[in-house]
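A quick note: this is a predicted structure, and the numbers were derived from the prediction, not measured. The first residue in the sequence is number 1, and the count goes up from there.
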Amino acid sequence: MSDTKTSPQPADAAEDPDVERLSTAPEENDSVPPGMGAFGWLRWFWRQLTSMRVALLLLFLLSLAAIPGSLVPQNTNAFKVAEWKNAHKGLAPIYEKLQLFDVYSSVWFSAIYILLFVSLAGCILPRTWQFVGVLRAQPPAAPRNLARMPVYAAWHTDAAPEKVNAAAHRLLRKRGFRAAADPGSVAAEKGYLREVGNLLFHFALFALLAGFAWASLFSGSGTKIVLEGQGYSNTTTQLDDFTGSAFYGVDDLDAFGFKLDGFTADYQTEGPTAGTAKEFVANVRYWDGADTGKQKNARIEVNHPLEVGGSKVFLTAHGFAPVVTVRNARNEVVYRGPTVFLPRDSNVTSPGVIKVNDYGTGPDGQKTQMAFQGFFLPTAAADFTHTGPISVFPAAADPRLVLSVYVGDLRTDSGLPQNVYELDNKAMTQLKVNDAPATAILKVGEGWELPDGYGTVTFDGYQQWANFTVSHRPGNTVALIGAVAAVLGLIGSLFVQRRRIWVRAVAAPDGRTLVEVAGLGRSESARTAEELAAIAVELQDDAPAADEPPADGPPGPDVPADDAPPADNAPAAADSPAAAVPTAPETKE
């Protein structure tokens, strides 16, 4: 999926394939030979599937395919899906046929995912094998005409050729090159981390996809609202909702539980950030396994979950549960306890419903049921006549309970599922006073005598609750490691340059030694010239440049006169090293 061919190289480099190609990526061949059989077509299809452009196309298609999953409610949240279907009854059947409510498990999303998986595997395996072969092989020998390399330097010295080549071999190995000495020359190569980075990126992307696949097949999650002082056991009967996967169901839940001893919420009280949460902490005692006697204390905070077994318990929300006592027309207590109200804004304005299924007989002697609909306001506004019931601060500084009352049939015995946080008032009647809906605004400890002799309701106080998400996702660690490794691999492939250096020291016709140093990079970069200049300068400790080079020396024993480079592109063999740069032999790029 990364670069598959090098940029054009000099003419002499093209004479040697090993010089031209500094990448282990397989070459792509789009041509389809005429008249090939079924096996030929399969082979061509496999090459296309494992090519860079197809892999990039599949990545792009996968990102596009994930968009509907964020725009359309998924079946993991049944209530939102039901609401969406009720609001879009015409589109719902079409969306169901297109599997838009189950995007990530749909046939078309899975097909793209699997093709990308196969494409990466087909790209990684041959490329890795080829790279192993490159690591085991010696660096390619020096080309015939080093003067035509992109970076080149040359000078004459009085040192023996064997001594110069041996010194160059030691120097290049000291600088981290893989060096091999041939008769009359030294070949060296460096920058393998570039290809390692490419392979690491491919492997990391493969691991990332594998981690997501593992998580989607073997994961599950559920939510639970727990009141202060109450406990939770990790079973489906206690979860508010549960979403499993193909290989993780209700029988695979980890055995553990915990008790919520207290919940602490701290907020900013001044400045422009007033009302912003500073701390959410749930103090719990938990046990691992079926033995509830061995309990440990723990703190669950936002982004700091509790890990028990293979599951994590996240703190995802909190709110209040007003505690009320309801008495019927006979002054009998028919309801007492906390009822969870769900917040709708950052100031925890919390609408909710209190359902009294066992109210009994009303003032008219008929059996009936009762419900209260209203708001819990932790810090009620001084006047909400025009705004409706609102809270102005999330902490319970001045709590109020706003209620209206209904009597009739709650339809809880109809067999149809109901949302406990919503009121189905189709078979209920709202009590009124002077033809206006009866409403009460209660402080803690206050009571309300219901209209028409239906009894009383008392606001006794409130409790805090915390919402926990219990998640089992075994592939998250693999996906995280893959993401980090992909970034590291990308950095290596972008910032490490693959390059080769050749040093040739041979006897010149004038009796001196001609030293040639040339470099070839995977891509054009000034770093290759800088590195070659530093090597040439350091090599002069063992092969110092001659003080008076011949004026008209030949270009070198290995360079025919007709192939000599132009004078404006490369230095003559006898040029002084100081003539090109202050600290290095003359170089060209």
Side-chain angles (χ1 to χ4, degrees), residues 12-13 16 18-19 137-191 499-521 527-561 563-565 570-588:
D12 197 56
D16 188 345
D18 290 332
V19 174
Q138 294 290 342
R144 179 173 55 85
N145 191 349
L146 289 179
R148 292 191 174 183
M149 290 295 102
V151 185
Y152 174 83
W155 71 94
H156 283 88
T157 181
D158 293 327
E162 295 80 7
K163 179 182 176 182
V164 176
N165 287 326
H169 186 267
R170 292 193 303 271
L171 174 60
L172 290 169
R173 291 181 63 86
K174 178 182 176 182
R175 297 179 69 91
F177 283 83
R178 287 178 62 236
D182 295 323
S185 65
V186 178
E189 194 167 10
K190 192 178 183 180
R499 64 266 194 202
R500 288 170 179 164
I501 299 292
W502 294 279
V503 178
R504 176 183 287 146
V506 294
D510 61 358
R512 301 187 181 192
T513 298
L514 173 64
V515 182
E516 293 180 291
V517 183
L520 177 66
R527 294 174 55 189
T528 305
E530 295 171 359
E531 188 170 31
L532 184 134
I535 290 172
V537 170
E538 194 168 349
L539 185 59
Q540 288 188 75
D541 292 340
D542 296 282
D547 294 334
E548 297 179 0
D552 298 312
D558 290 343
V559 183
D563 292 339
D575 286 344
S576 170
V581 292
T583 61
E586 186 170 354
T587 63
K588 78 175 181 71

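- The heavy-atom pair separating P139 from A180 by the smallest distance is CD-CB, 3.9 Å.
- Side chains of V506 and P161 form no contact here, defined as non-hydrogen atoms less than 4.5 Å apart.
- Atom-to-atom distance recorded for R178:CZ and Q138:CD is 6.5 Å, nearest 0.5 angstrom.
- Between V164 and D542, the closest side-chain pair of non-hydrogen atoms is not below 4.5 Å.
- Between V503 and the choices L146, V517, L532, the side chain to side chain contact (heavy atoms under 4.5 Å, CB included) rule is met once, by V517.
- Considering every non-hydrogen atom in both I501 and L172, the closest pair reads CG2-CD2, 4.1 Å.
- With respect to the salt-bridge test (charged N to carboxylate O, under 4.0 angstrom), the residues R499 and E189 do not qualify.
- Using a 4.5 Å cut-off on side-chain heavy atoms (C-beta onward), W502 and M149 make contact.
- Under a 3.5 Å cut-off, the side chain of R148 and the backbone N or O of P143 do not form any donor-acceptor pair.
- Taking OG1 of T513 as the start and CH2 of W155 as the end, the distance is 11.5 Å to the nearest 0.5 Å.
- Considering all non-hydrogen atoms of both residues, A179 and H169 come closest at O-NE2, 3.6 Å.
- Closest of all the heavy-atom pairs between A187 and A141 is CB-CA, 4.3 Å.
- In this structure, the side chains of R504 and V515 stay at 4.5 Å or more apart for every pair of heavy atoms.
- In this structure, the side chains of R500 and K190 stay at 4.5 Å or more apart for every pair of heavy atoms.
- At least one donor-acceptor pair under 3.5 Å links the side chain of N165 to the backbone N or O of A505.
- The minimum heavy-atom distance linking I535 with L171 is given by the pair O-CD2, 3.5 Å.
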